[in-house]
2 protein chains.
Amino acid sequence: MTNFISVIIVEDKIEMCRQIKSLLEKTDDIKVIATFHDSKSALEKIPEYEPDIVLMDLNLPDGSGIECIKNLKPKLSKTQFVILTMFDDSELVFKGLSHGAIGYLLKRSINDELVKSIYEAYKGGSPMSTQIARMVVKSFQNNKAIDEDLLTKREWEILEQLAKGKKYKEIGETLFISVETVRSHLRKIYEKLHVHSSKEAILKYFGKNHSR
Amino acid sequence: MTNFISVIIVEDKIEMCRQIKSLLEKTDDIKVIATFHDSKSALEKIPEYEPDIVLMDLNLPDGSGIECIKNLKPKLSKTQFVILTMFDDSELVFKGLSHGAIGYLLKRSINDELVKSIYEAYKGGSPMSTQIARMVVKSFQNNKAIDEDLLTKREWEILEQLAKGKKYKEIGETLFISVETVRSHLRKIYEKLHVHSSKEAILKYFGKNHSR
DNA sequence: AATACAATAACACAAACGTGTGAATTTTAT
DNA sequence: ATAAAATTCACACGTTTGTGTTATTGTATT
């Protein structure tokens, strides 16, 4: 590292690119060391720069920015990727974060947050605009799968085991009861959850029954 | 709503409580309308106030603050719960968020962020300190369950269907192929994933094989 | 003391699943 | 153009699962 935070911008719209650059260069300790406008040249050239931060647009003309991150990440272990996009689509957010992006900003809110976000990303934080954080939190709240009081203590134990991928026989061995008893419990569990297979029960357990 | 944001603090340590209160009251449009020091009285009295925001400590003497949120939430649909805690333990964070909290702040960073966070929570955002956001992002990245290139396009389609809880016959009907073909694909999928049941395959699909 | 629920267990039968083997056709890559 | 991989389908056999029925024992609740 040098005495400034090196940033590369990948963004196809030149005007937007310039705007971001000028925003960042108001600060002395951030330097935009390169800009790219398509994923092909970004993939080729970025590794040479070893930037601290890459600001990545998702809607590139020749392929998704997520693909770009996926390919660059292994070569640049010290670089933090921050996604910059127009859309607050939850699919995209989850995909972006799970593919190695460390932060996720909406273009409409960059004026207020961009510079601060670069610092945060550099310090190992995860900049997200308020709206994005809200979506992430929602994704946890959807997982309010089964009311705790619906199943008895023992039934929860059985379901937990099932949700680890075990088969009936193994559950019985773990809990020191016969397979028949396990089947007996699961019959009641399935009844209470309104399902007819271990698959469906597991999905409910993880709150993956509706949506996504 | 009135012309200010009404806040209730639930925090057992009186000194900390007073400190938070004085922080918030530097701003005219935030009013601390009550404070509680244990979950029993909080549960009884808070519904009468219908506050905009509840700042909730997790380590109350008589029961977890999470339980408290769980009980209050249904009675106060317009109230936003923000957790205030000493610890950045990931279990707690996920539990808190999935039980109805809208934000999660660490006590050590409240000086900088508290007032801003109240505004954000009020506007429907999700205030989180940078460290918490980082943990949340990490939880997505751990879910890098299966390498995309491991399975073919068709195999992904089959697995997706399976992960919706469908049985083989239904998968075949959805994709317009015979059950035998579904079985054929799943045989290869199980081989590639090193599993021996639909249960295990689904767990891998959702990244739930290790931990949690 | 009576009633309800929880936990345990067995038997039975059909449906669904896991796996071995084999093979034809289409798509993709070299 | 040729090899390799992907997609499709079938038959067979043993295992696992889903569900109906029934019963014993322990533990609360009233």
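Chain letters run A, B, ... following the sequence lines, proteins first, then strands; residues in each count from 1.
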**Q** Does some side-chain heavy atom of B:E15 sit less than 4.5 Å from a side-chain heavy atom of B:R18?
**A**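 The answer is yes; the side chains approach within 4.5 Å.
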
**Q** In whole angstroms, how far is the P atom of C:dA7 from the CD atom of A:E157?
**A**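 Rounding to the nearest Å, CD of A:E157 and P of C:dA7 are 8 Å apart.
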
**Q** Can you tell me how far P of C:dA7 sits from CD1 of A:I171, to the nearest Å?
**A**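 In whole Å, C:dA7 P lies 15 Å from A:I171 CD1.
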
**Q** Rounding to an integer number of Å, can you tell me how far B:K199 NZ sits from D:dT16 P?
**A**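 So the NZ-P distance, B:K199 to D:dT16, works out to 10 Å.
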
**Q** B:Q161 CD to C:dC17 P: how many Å, rounded?
**A**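 One finds 14 Å between P of C:dC17 and CD of B:Q161, rounded.
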
**Q** Is A:K123 salt-bridged to A:E120, cutoff N-O under 4.0 Å?
**A**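 No, this pair does not count.
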
**Q** A:T181 versus A:H185: any side-chain heavy-atom pair under 4.5 Å?
**A**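 Side chain of A:T181 against side chain of A:H185, heavy atoms only: contact under 4.5 Å found.
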
**Q** Classify B:K166 by what it touches in the nucleic acid, base, sugar-phosphate, or nothing, heavy-atom distance under 4.0 Å.
**A**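 The answer is nothing, as B:K166 stays clear of every strand by at least 4.0 Å.
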
**Q** Dot-bracket for DNA chain C: what is it, with Watson-Crick or G-U pairs under 3.5 Å, [ ] where a pair crosses earlier ones, and | for a pair to another strand?
**A** |.|||||||||||||||||||||||||||.

**Q** Just N and O in the side chain of A:K167: are any of them under 4.0 Å from OP1 or OP2 of C:dC17?
**A**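 Answer is no, no contact under 4.0 Å.
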
**Q** Starting at atom NZ of B:K169, determine the distance to atom C1' of C:dA15, rounded to an integer number of angstrom.
**A**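 Computing the B:K169:NZ to C:dA15:C1' distance gives 10 Å.
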
**Q** Roughly, in whole Å, what's the span from NE2 in B:H196 to C1' in D:dT17?
**A**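 Going from NE2 in B:H196 over to C1' in D:dT17 covers 18 Å.
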
**Q** Given A:M56, which of A:L84, A:T85, A:I69 fulfils the side chain to side chain contact (heavy atoms under 4.5 Å, CB included) condition?
**A**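 Exactly one option meets the side chain to side chain contact (heavy atoms under 4.5 Å, CB included) with A:M56, and it is A:I69.
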
**Q** Could you tell me the separation between the CG atom of A:L151 and the P atom of C:dC5, rounded to a whole number of Å?
**A**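 So the CG-P distance, A:L151 to C:dC5, works out to 16 Å.
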
**Q** With the threshold set at 4.0 Å, does a side-chain nitrogen-carboxylate oxygen contact exist between B:E155 and B:K192?
**A**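 B:K192 and B:E155: salt-bridged.
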
**Q** Under a 4.5 Å cut-off applied to non-hydrogen side-chain atoms, are B:I158 and B:L186 in contact?
**A**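 A side-chain contact under 4.5 Å exists here.
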
**Q** With a 4.5 Å cut-off on side-chain heavy atoms, are A:T35 and A:E11 touching?
**A**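 In short, these two side chains do not touch, never coming nearer than 4.5 Å.
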
**Q** Under 4.5 Å between any side-chain heavy atoms of A:V10 and A:L55, yes or no?
**A**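 A:V10 does not reach A:L55 side chain to side chain.
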
**Q** Measure the distance from CG on B:D149 to P on C:dT28 and round it to the nearest whole Å.
**A**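 Whole-Å distance recorded here is 16 Å.
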
**Q** Evaluate side chain to side chain contact (heavy atoms under 4.5 Å, CB included) for B:V32 paired with B:I8, printing each intermediate quantity in order.
**A** CA-CA 6 Å; B:V32 177; B:I8 287 180; over 6 Å; no

**Q** When you check every protein heavy atom under 4.0 Å of nucleotides 5-14 of chain D, what one-letter string (B, S, -) results, 5' to 3'?
**A** -SSBBBBB--

